[in-house]
Amino acid sequence: DMFPYPSGEGLHVGHPLGFIGTDVSARFMRMNGFNVLHAMGYDAFGLPAEQFAVEHGRHPRETTDSNIANMRRQLHALGLGHDARRSIATTDPQYYRWTQWIFLQIFNAWFDEDAELAGGGKGRARPIDELITELQSGARATTNDLVPDLNPDGTPWSELDAATKRALIDSYRLAYVDEAPVNWCPGLGTVLANEEVTADGRSERGNHPVFRRPLKQWKLRITAYSDRLLDDLALLDWPESIKTMQRNWIGRSTGASALFSVEEHEGVDIEVFTTRPDTLFGATYMVLAPEHPLLDTIVPSEWPDATLAADFGDMPVSWKGIFGADELPSGAVRKYVEFASRKSELERQAEGRDKTGVFTGAFATNPTTGASIPIFVADYVLMGYGTGAIMAVPAHDQRDFEFAQEFDLPITAVVQPPDAWFASHSLDVGAPANEWPEAFTGDGVAINSTNEHVSLDGMVVDDAKRRITAWLDATGGGAPAVTTKLRDWLFSRQRYWGEPFPIVYDADDNPIALPESMLPVLLPEMTDFEPTILAEDDPRPPEPPLARADAWVAVELDLGDGEQFYRRETNTMPQWAGSCWYYLRYLDPTNEQAFVDPAVEEYWMVGHHGDPNSGGVDLYVGGAEHAVLHLLYARFWHKVLFDLGHVSTPEPFHRLFNQGMITAAAYTDERGMYVPAEQVVEQGGEYTYEGAPVDRHDGKMGKSLKNAVTPDDIYRDYGADTLRLYEMFMGPLDASRPWNTRDITGVHTLLRRFWRNVVDEDTGALRVTDAPADDETRRQLHRTIDKVRADMGTLEFNTAIAKLFELNNRLNVVVAETGESPLEVVEAMALMLSPLAPHIAEEVWSRLGHEGTITYEPFPEPDPSQLVDDEVEIPVQINGKVRGKVRVATGADDTAHEAAARADVKVAELLDGVEIRKVIIVPGRMVNFVVA
RNA sequence: GCCCGGAUGGCGCAAUUGGCUGACGCGAUCGGCUCAAAACCGAUUGUCCGCAAGGACAUGUGGGUUCGAGUCCCACUCCGGGCACCA
């Protein structure tokens, strides 16, 4: 009858706040009658299987099951094991099958920008068959903005050849093969999505350098959904910071497009996007991205020294680029393009903002001024954003300003900065722009912006934008435009581990979807499944491990045209594919007829949280590190499934809660190297390691900082309940918290004292009485229930636990005085403790004589009559300083409050003989005398 | 550089959302129990002045609004996170 110490085995936990927080809130919700599906993360099973396999030189499939079993043991050790959880193994053939099935839905869909949405707005996915019908019937034009050169003349469908028809349809698909510059990471032997590359140009996993390289890869058309992904954030109960991150990542900008005609090339226009169309008159040159398709067209055979516009005088030598002044334009441009494409993101970063570029030899005409302006190619313009070309307005854009200084290009002010701006730069008011130290990007009045058709002069920026955009629109030289930073999602990886694509290629290299009946496509057994790691400068294309499985790659199938030979797609899907829909599979994990039964899906996903707007998972607890990865990708897949009628809510996760991480003190020596934290000695605020002083700072627990604390010792010495309770008591769940082992004794004491208030440890007998609690204890009990209930609902477990401490402290007093605990208090205590410390609560519950488990008992309800007091103590202030305290009856009027306050001896003394200017009374709160 | 958070005792953190700052826990100090230590139990614990009663000062810094500011406004400092040549 000693205190029970539930424990487990082999525990390694990186950041268990989320697991335990999820479990505690799930238990609480279930006790309140919610239906709870407890889905541990798809890859929450410790090491990702593939990484584990590579580190241990084993086949991933061998390791996954033991990996999951290991995680189960860990969860059990934390007291997280209970029957509501369901799990699915990522190796489950059914899971492969339905992931591939969803991919086929995406592949066989297109985005109709004009289709009405049920909830208002436009643009949704539709089956590709409907597109084909529209094309055949002529209801839809056969030109396609997605790939403009497929059928530029709009030749009718019936006159197109089969190859063009097929290419046209493929270009509409939400999943498509594209040859374009991608993030190539030789260190991992695979390509990566933009979201998986860090700001300093390295892979998020493994921290290897990443290079840009054109490769043929699968992409998903997430950009089609950028408006809805942005707008629907309003429906969600998510942390504002995550919403902001998604907004920034999608990066919608509004502005205008404008056409600049290329001189000497009849009918060739360069389209630019700008958020500052009001500065069009100040465009003194243009820049194309190194990958811009028009480069080939416009570069002349000779440098145009003779034809340079008068403004530029002799062409500066620097314009010919950094590879020698004797190059012809084509050579200079080609070498520059090569130079730019070979640079890694890391090198770009290291070079800072230094502007490089080459003059293409061609000129364009500024549509407002008619001036000839040179066209450059430079890598500060990115092909992936806007149109891959810009009009450069050096006076009002800092990047253009720096480039113009580097290359001696004219800088013309078309917005007048305020006088204060000139003053702050020690310039005379109205000084010409080529004397400025930086571009002026603020608001001001347009100048130098008049031609014979339009004038902006005198207008503020917003008015000028509207005016010039209207003029561009009217003349056909441009239009209002919206651009986003979001790019299509690069979806293929050169790894063994991952779902194979349900795609084969025919003799003409056309991708063909496998029929549903041929799913799942399983990975072949291979002995060598490691990715091909290439040197950074190796020109060979990356080879996926599956390409080496010859017998698997070549297949003979009947796909409608009789038996034919096909070649399987050898890339695999990224880890995100599975995590994009696992929450749906958890609803119905053993279903072999569908990825989820529609009735089951509707039961769990629709409107259980009382908010009809978004639906989806009621509460999703997870880390903020997935803000623009999993949480964006899953929203995208879910919306496609929604559009195609496979799920019934527009969003996957209604309420998102980001748990914090457990950090720990880490120490660095003089060289900045981490030293083992457990061997650091503290003495009088100074920290030393092997006698040498070290610096202390906080960091995420882990191997790299040498500061991991394994909870093994904690649950061995104190039990899993104590560990759970400690982690929930450390502070708010959404904040990262430093681990401090010695703080554990506090919560352990709470459990031990509660246990002793129920059980006599010497005899094992209950010390519980049916007699009612005294009035004060009972009032405190109901107040505690009220507060704990509220705090649990908002996931504020730390303050809920504080209240349980207080109630148990009261119980200590009662037991000390009477030798017994009132049953009503003990039962409520056990119930309130149950989500937080399930083992001890269950044990107490059972000892109290209850048959069933405490897990399904409803959470206690407060008695409202116990929550109100007859009297309340309030402070009496004089000039805002507390000078006394008085008791007033609940609901007393102002007069009674003032009378009570004046009756206080000390207050009366201080008020004696002074002029009272005003009396502020907040009933039930305070009385304040304002005196002279 | 831009966008989010945050800063309260020796420490982790509370504060009914403008109304008694520091709940609860850790640590520390003193005491009890003990041959002794651990465990356990009790008391004290924001700082300063004071024997005490009591008083003054205190929520990163400097201003402001208010009868009253940890909370609201303005300017700044530091810490954490995210983004970053996005036209």
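D227(A) is linked by a salt bridge (Lys or Arg N to Asp or Glu O under 4.0 Å) to R252(A), counting only residues two or more places apart in sequence or in another chain.
In secondary-structure terms, RNA chain B builds stems of at least 3 consecutive Watson-Crick or G-U pairs, each pair having both distances under 3.5 Å, at B:1-7 with B:77-83, B:10-12 with B:24-26, B:27-32 with B:40-45, B:46-49 with B:54-57, B:60-64 with B:72-76.
Ring centroids of Y718(A) and Y726(A) are separated by 6.0 Å or more, keeping the two rings apart. Checked against a 6.0 Å centroid threshold, the rings of Y285(A) and F407(A) do not count as neighbours.
For the pair R753(A) (side chain) and N808(A) (backbone), a donor-acceptor distance under 3.5 Å is absent.
Using a 90° window around 0 for the glycosidic torsion, G9(B) falls inside it and is classed as syn. For U34(B), the base is anti relative to its sugar; the glycosidic angle deviates from 0 by more than 90°.
Between R756(A) and the phosphate of C41(B), there is a side-chain N or O to OP1/OP2 separation shorter than 4.0 Å. Phosphate proximity of A87(B) to S253(A): present, with a side-chain N or O under 4.0 Å from OP1 or OP2. OP1 or OP2 of U66(B) has not a single side-chain nitrogen or oxygen of K918(A) nearer than 4.0 Å.
Residue K906(A) is classed as a sugar-phosphate contact, given heavy-atom separations below 4.0 Å to backbone atoms only. Base engagement by F273(A) is indicated by at least one non-hydrogen atom pair under 4.0 Å involving a base atom. Here R252(A) lies out of heavy-atom contact (under 4.0 Å) with every strand.
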Please write out each protein N/O paired with an N/O of nucleotides 63-65 of chain B under 3.5 Å, distance rounded to 0.1 Å.
none

Check nucleotides 1-12 of chain B against the protein and report each pair of N or O atoms closer than 3.5 Å, with its distance, or say if there are none.
from, atom 1, to, atom 2, distance (Å)
G12(B), O2', M730(A), O, 2.7

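With RNA chain B read from its 5' end, the first of the two nearest nucleotides for T745(A) and K787(A) is the one closest to K787(A).
The base of C24(B) is not paired with the side chain of K803(A) by any donor and acceptor separated by under 3.5 Å.
Judged by the 6.0 Å distance and 45° axis criteria, K355(A) is positioned over the aromatic ring of Y380(A).
Here salt bridge (charged side-chain N to carboxylate O under 4.0 Å, His left out) pairs that include residues 914-923 of chain A, with residues two or more places apart or in two chains, number zero. Under the salt bridge (charged side-chain N to carboxylate O under 4.0 Å, His left out) criterion, the residue pairs touching residues 800-819 of chain A are D774(A)-R810(A), E776(A)-R810(A), K803(A)-E806(A), with sequence neighbours excluded.
The closest side-chain heavy-atom distance from V287(A) to V377(A) is not below 4.5 Å.
Between F797(A) atom CZ and C24(B) atom P the separation is 22 Å, expressed in whole Å.
Salt bridge annotation for D904(A)-R883(A): absent, with no cationic side-chain nitrogen under 4.0 angstrom from a carboxylate oxygen.
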